[in-house]
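Contents: one structure, followed by commentary.
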Amino acid sequence: MDFELKSLSPEQAAALAVDALLVLVPDALSTTPLAGALATLTSEAASKGDLETGLGKTLSCYRVPGIRASRVVLVRAGNGSGSAVRKAVTAGLASLKQPNIKQLGLVLSLLDDSNDAVSAAVQACADASYTYTTTKPSAKARALQEVVVAVADASAVQAAFDTGKAMVTGVEFAKEWANRPANHATPSMLADAARKLGRKPSIKTEVLGPKEVAALGMGAFMSVARGSVEPLRFIVMHYTGASKSSAPVVLVGKGITFDTGGISIKPAPEMDEMKYDMGGAASVLGTFAALAELQPAINVVGLIPSCENMPDGQAVKPGDVVTSMSGQTIEILNTDAEGRLILCDALTYAARFKPRSVVDIATLTGACVIALGAVRSGLFSAHDEIAAALQQAGESAMDPCWRMPLDDEYAEGLKSNFADMGNVAGRAGGSITAAKFLQKFTADLPWAHLDIAGTAWKSGAAKGSTGRPVPLLLQYLLDEAARPAPVAFAEPKKASKRARKA
Ligand code: BES
Ligand code: MN
Ligand code: ZN
């Protein structure tokens, strides 16, 4: 799908050669009369009440004299904020018979400040027209091919428009891989997708297999992969947009391509949804696809430990003790708490990049779904600055998260008589105890954890990946790129000594 940004007055938008116009009408419609058929239609429909007030209310018109597109939908866009525009575009597109629409004019020219609106509109447009076809060739492919986004002043919103488009690229990449069933998205296939991304500008991909991972001593990661005939993959990606000496942000994505639970096997209902247990990995891949498009001035490392969690004669058993790459031993009390086992070794590996921050993204716990539902991802960090930056990025990208506590008392239940720790605590506070487990592997890394178990996909009739939290991650990286380059994380002590001497 192609998006094009243009400075167009309503009068100029009326002349667009497209199949349909979707016109966003704010509650506070300017009273200064604008010229042309579209402005007249809009202001009369609003003032006479045919276009009701109320976010998402629509009025559909056909063959309006003076407007070139045969279909015109007016839609109420409330106060014109990003979230209002997203709802309005979704409602407007729902009222259009999409198979008929190949070219759409999205008219934002009546909104006051369209910075948030442009990005929201572009993303809502992509969301509403997305269709998954890879293993369902009979599904109607996306009809919408071209969207002209009309704004009052294109140069004022160009950057927001570019960001919105890159978010679409990243979200759709993530959706594609997350939606693929596990037999069409094995660890090796994910690695191939990452290798392919590695051909894009500024990206390099390296893939480690079972031998290399064994040599690194990733005993926790290896223990999860044991029960499957699919070999594990450890994907390492580099996006280099800044000087080599600039400390990178490291993103770590959980890449369990199918989670049966292992010997602690899951019940049958909805187990198919465990193909989404690589949603964290998909979001890292999607973010790299977006970075390749935007080329921001920042360095980013992507780490994806990927394997299946299966039960068989070789599978790890409850009570088995394994040694992680950090040297800490783990008693695997529940083989279904596998995400933290693959992530802990990847987090240990992350330290070698002397990162400015490390963010892991994982469909980690059912408990997080209970805590926060499908609206906000769980955010865990002992570092207020990183937590605030991620929270802020989530708000501005409309991909929100919510900070959860990490008090040390939550780690009590992880104690084990047979290893340095167990891999589960009790049922209570399950998303927090999982985060406390991960924290034991982050020593003094500037680390944050996003539990996306509730936000990465939708269940039920609309079952499908959401592509979250690609918008949050990309926004965070763009915000980081705009900040002055930080002191390399490796040297905080030196820096403070110098500060004391001075
Ligand atoms: N992938 C699941 C988490 C999950 C479950 C996400 C349901 C979304 C929906 C994870 O590997 C898991 O099984 N976690 C267990 C942990 C428990 C054994 C401590 C869980 O949440 O039940
Ligand atoms: Mn599990
Ligand atoms: Zn899992």
Side-chain angles (χ1 to χ4, degrees), residues 178 182 185 187 190 220-221 223-228 232 252-283 304-311 315-320 330-344 346 360-378 380 404 410-416 421-438 449-460 463-466 468-469:
L190 275 192
F221 179 16
S223 75
V224 177
R226 288 180 59 102
S228 170
L232 65 76
V252 183
K254 173 178 174 184
I256 295 290
T257 58
F258 198 81
D259 182 11
T260 65
I263 296 298
S264 313
I265 199 161
K266 287 181 180 294
E270 279 108 53
M271 206 211 271
D272 66 288
E273 296 190 5
M274 284 298 113
K275 73 174 183 179
Y276 289 117
D277 212 16
M278 35 62 76
S283 75
I304 298 174
S306 181
C307 65
E308 289 183 338
N309 185 22
M310 298 285 284
V316 71
K317 304 169 292 300
D320 284 0
I330 303 162
E331 183 185 14
I332 300 180
L333 289 162
N334 189 323
T335 65
D336 198 10
E338 85 298 339
R340 60 197 79 180
L341 295 173
I342 70 170
L343 291 170
C344 70
D360 79 68
I361 309 101
T363 48
L364 201 64
T365 64
C368 193
V369 189
I370 303 299
L372 295 172
V375 180
R376 285 175 185 266
S377 305
F380 302 79
M404 301 279 280
Y410 285 109
E412 278 300 306
L414 292 170
K415 287 187 172 149
S416 159
M421 70 195 85
N423 76 328
V424 292
R427 270 167 56 83
S431 70
I432 310 167
T433 56
K436 290 304 285 183
F437 177 93
L438 294 178
H449 157 61
L450 288 167
D451 193 332
I452 58 165
T455 52
W457 77 92
K458 291 180 191 160
S459 308
K463 192 187 287 181
S465 166
T466 60
R468 292 177 67 181

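Both counts, for ligands and for their atoms, begin at 1 and track the order of listing. Just so it is clear, the values below take in all heavy atoms, side chains as well, and ignore hydrogens, waters and symmetry mates.
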Quick one: closest heavy-atom pair of Arg340 and Asn423, and the distance? NH1-O, 2.7 Å
State, to 0.1 Å, how close Ala281 and Gly255 come at their nearest heavy-atom pair, and which atoms those are.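 Shortest heavy-atom contact: CB-CA, 3.7 Å.
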[atom2] on [Y] to [atom1] on [X], rounded to 0.5 Å:
X      : Y      : atom1 : atom2 : value
His449 : Leu364 : NE2   : CG    : 4.5 Å
Ile256 : Met274 : CD1   : CE    : 11.0 Å
Ser283 : Ile361 : OG    : CD1   : 4.5 Å
Leu341 : Ile332 : CG    : CD1   : 5.0 Å

Between the side chains of Glu270 and Ser459, does any donor sit under 3.5 Å from an acceptor? no
Residues forming a side-chain hydrogen bond (donor to acceptor under 3.5 Å, both in side chains) with Asp277, sequence neighbours excluded: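 Once residues adjacent in sequence are excluded, the partners of Asp277 under the side-chain hydrogen bond (donor to acceptor under 3.5 Å, both in side chains) criterion are Lys254, Thr363.
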What I'd like to find out is whether the side chain of [X] reaches to under 4.5 Å of the side chain of [Y], using heavy atoms alone.
X      : Y      : answer
Val316 : Glu338 : no
Asp320 : Ser223 : no
Trp457 : Lys275 : no

For ligand 1, the residues whose heavy atoms come within less than 4.0 Å (ordered by chain, then number): Lys254, Asp259, Lys266, Met274, Asp277, Asn334, Asp336, Glu338, Arg340, Thr363, Leu364, Thr365, Gly366, Val424, Ala453, Trp457
Under 2.8 Å from the Zn ion (ligand 3), the protein N, O or S atoms, given as residue and atom: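 Atoms qualifying: Lys254 NZ, Asp259 OD2, Asp277 OD2, Glu338 OE2.
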Neighbouring protein N, O or S atoms of the Mn ion (ligand 2) [cut-off: under 2.8 Å, no waters]: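 N, O, S partners closer than 2.8 Å: Asp259 OD2, Asp336 O, Asp336 OD1, Glu338 OE1.
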Is there a donor-acceptor contact under 3.5 Å from the side chain of Ser264 to the main chain of Thr335? yes
Under a 3.5 Å distance rule, please check whether Thr466 uses its side chain to pair with a backbone N or O of Ala456 as donor and acceptor. yes
